[in-house]
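Shown next, in structure tokens, is the structure this report addresses.
Read the numbers this way: they start at 1 and go in the same order the structure lists the ligands and their atoms.
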Amino acid sequence: MARFSTRFLGCKVSHTDAQMLRARLLADGHTEGPGEIAVVNTCCVTNEALAKSRQAASRAARSHRHVYVTGCGARLSETAFAGLPENVTVVRGQIEDAVEQIAGDVGAIGCVRADARLQRVRAFVKIQDGCSFACNFCVIPLVRGATRSRSAAAVLAEIRRRVAQGHREIVLTGVNLGCFRDRAAGYRLARLIREAGAVDGVERLRLSSIEINHVDAELVAALRETPVVGPHLHVPLQSGDDHVLRAMGRRYSVATYLRKLEPLADFNLTADVIVGFPAEDDAAFERTLETVRAAGLTKVHVFPYSPRPGTKTAADDTVAPEVKKERGATLRALSDEACRSRWRSKVGREDVVLVDRPGRGYGADYSPWLVPGPIAARIGELVHVRGRAVTGEGIVADAA
Ligand code: SF4
């Protein structure tokens, strides 16, 4: 038996992959703990993410007997992890192969086949991996390959297993969720949402993110007609300027983005935006701010552009770092104000919060709540609350 630890950098897919590795090692009879085996599932979406991944691997090498480096960073670059100590192994295959390789190296413990319980209220269930969109700046198709889906039966079985383990909220994750297809069984994303939401014991269901191209009447109906789906959707924008969107190789205009979100005007809409893309001048950035306002976005995850090797824009990086920084700060300030404005609208109103950490949780629309006194410790429970005030971190609740 070995003691192991897993950590991930980057997005929810990276988190899900790290959990897959963790579940396999637990199922093979190993236990979590420090000192022996570390798995670092890396990210390469920006230069900074890759540098942090290397630092994490280097730190782990000092405190563990052996370290496995997996994930997008490991797949992108031979050199990114060169020169690390000899106890570091870089595993470059896709996650399924990486799991097999690492599990084979570490070794299984006889007949132990426990079903690993993940100690979170929320379970991330991967339905799809890879992307065939090929946006000009994006390294994901290079490191994760073309889109491919799990079968609907496998996804629904995993959801049933997670619920049996005690998870209350299911988040369907993938790199490009709208590409999910199970042709043999006749599923697209909308049908999967309806059936996942009908699994006994699922109290909340969310999508990790969805491209605007995939927001259509069928999807909107599935979101609205599935009672456990809350009014929240994360829809990457990347830029609010048509010229920049074209230069990015995105497949929509600003008008399309706004039009497709119209039926979801009451939803808490969140997005990713890249600042400092080569074609982005001051006027284009202003149009991005206008678009964020017009779409009614609240939380905007801001990414300063950094060119990634192997992409179409690998050689372009014309916006000065201080301009990227300033634009990022302006956009974050706009996003903070939009969040506070939504949170203020909940003062005096009731909501149901899923408590996921001591004193904290998320409401139906994924707004953050701070829950007081006796209900603060009811982790994993849905609690009825009433908004009392707003702080920089969320809505302060009274028990309703
Ligand atoms: S849709 Fe574009 S940005 Fe998103 S993963 Fe695919 S290529 Fe990358």
Side-chain ion pair, R194 and E218, N-O less than 4.0 Å: no
Quick note on ligand 1: atoms under 4.0 Å from a heavy atom of R250 include exactly 1 (S), 2 (Fe), 3 (S)
Mind checking whether Q238 contacts ligand 1 via backbone (N, CA, C, O), side chain (CB onward), both or neither, at a 4.0 Å heavy-atom cut-off? neither
Could you report the tightest heavy-atom contact between V355 and V383, atom names first, then the distance? CG2-CG2, 3.8 Å
Decide if atom CD of E337 counts as having more than 12 heavy atoms of other residues, nucleotides or ligands within a radius under 6.0 Å. yes
among protein heavy atoms, the one nearest atom 5 (S) of ligand 1 is V175 CG1, 3.7 Å
Using a 4.0 Å heavy-atom threshold (strictly under), name the region of C131 that reaches ligand 1: side chain, backbone, both or neither. side chain
Got a sec: is C138 within less than 2.8 Å of atom 8 (Fe) of ligand 1 via an N/O/S atom? yes
Candidate list V228, L354, I170, test side-chain contact (heavy atoms from CB on, under 4.5 Å), partner R204, passing option: L354
Please could you name the atoms of ligand 1 that A134 approaches to less than 4.0 Å, counting only its heavy atoms? 7 (S)
What protein heavy atom is closest to atom 2 (Fe) of ligand 1, reported as residue, atom name and distance in Å? C135 SG, 2.3 Å
Are more than 12 heavy atoms from other residues, nucleotides or ligands located less than 6.0 Å from atom CG of D200? no
Any donor-acceptor pair under 3.5 Å from N41 side chain to G71 backbone: yes
Applying the side-chain contact (heavy atoms from CB on, under 4.5 Å) criterion to K299, which one of D272, N268, T270 satisfies it? T270
What part of P141, side chain from CB on, backbone N/CA/C/O, both or neither, has a heavy atom under 4.0 Å from ligand 1? side chain
Please report which non-hydrogen protein atom sits nearest to atom 4 (Fe) of ligand 1, along with the residue it belongs to and the distance in Å to one decimal place. E211 OE2, 3.8 Å
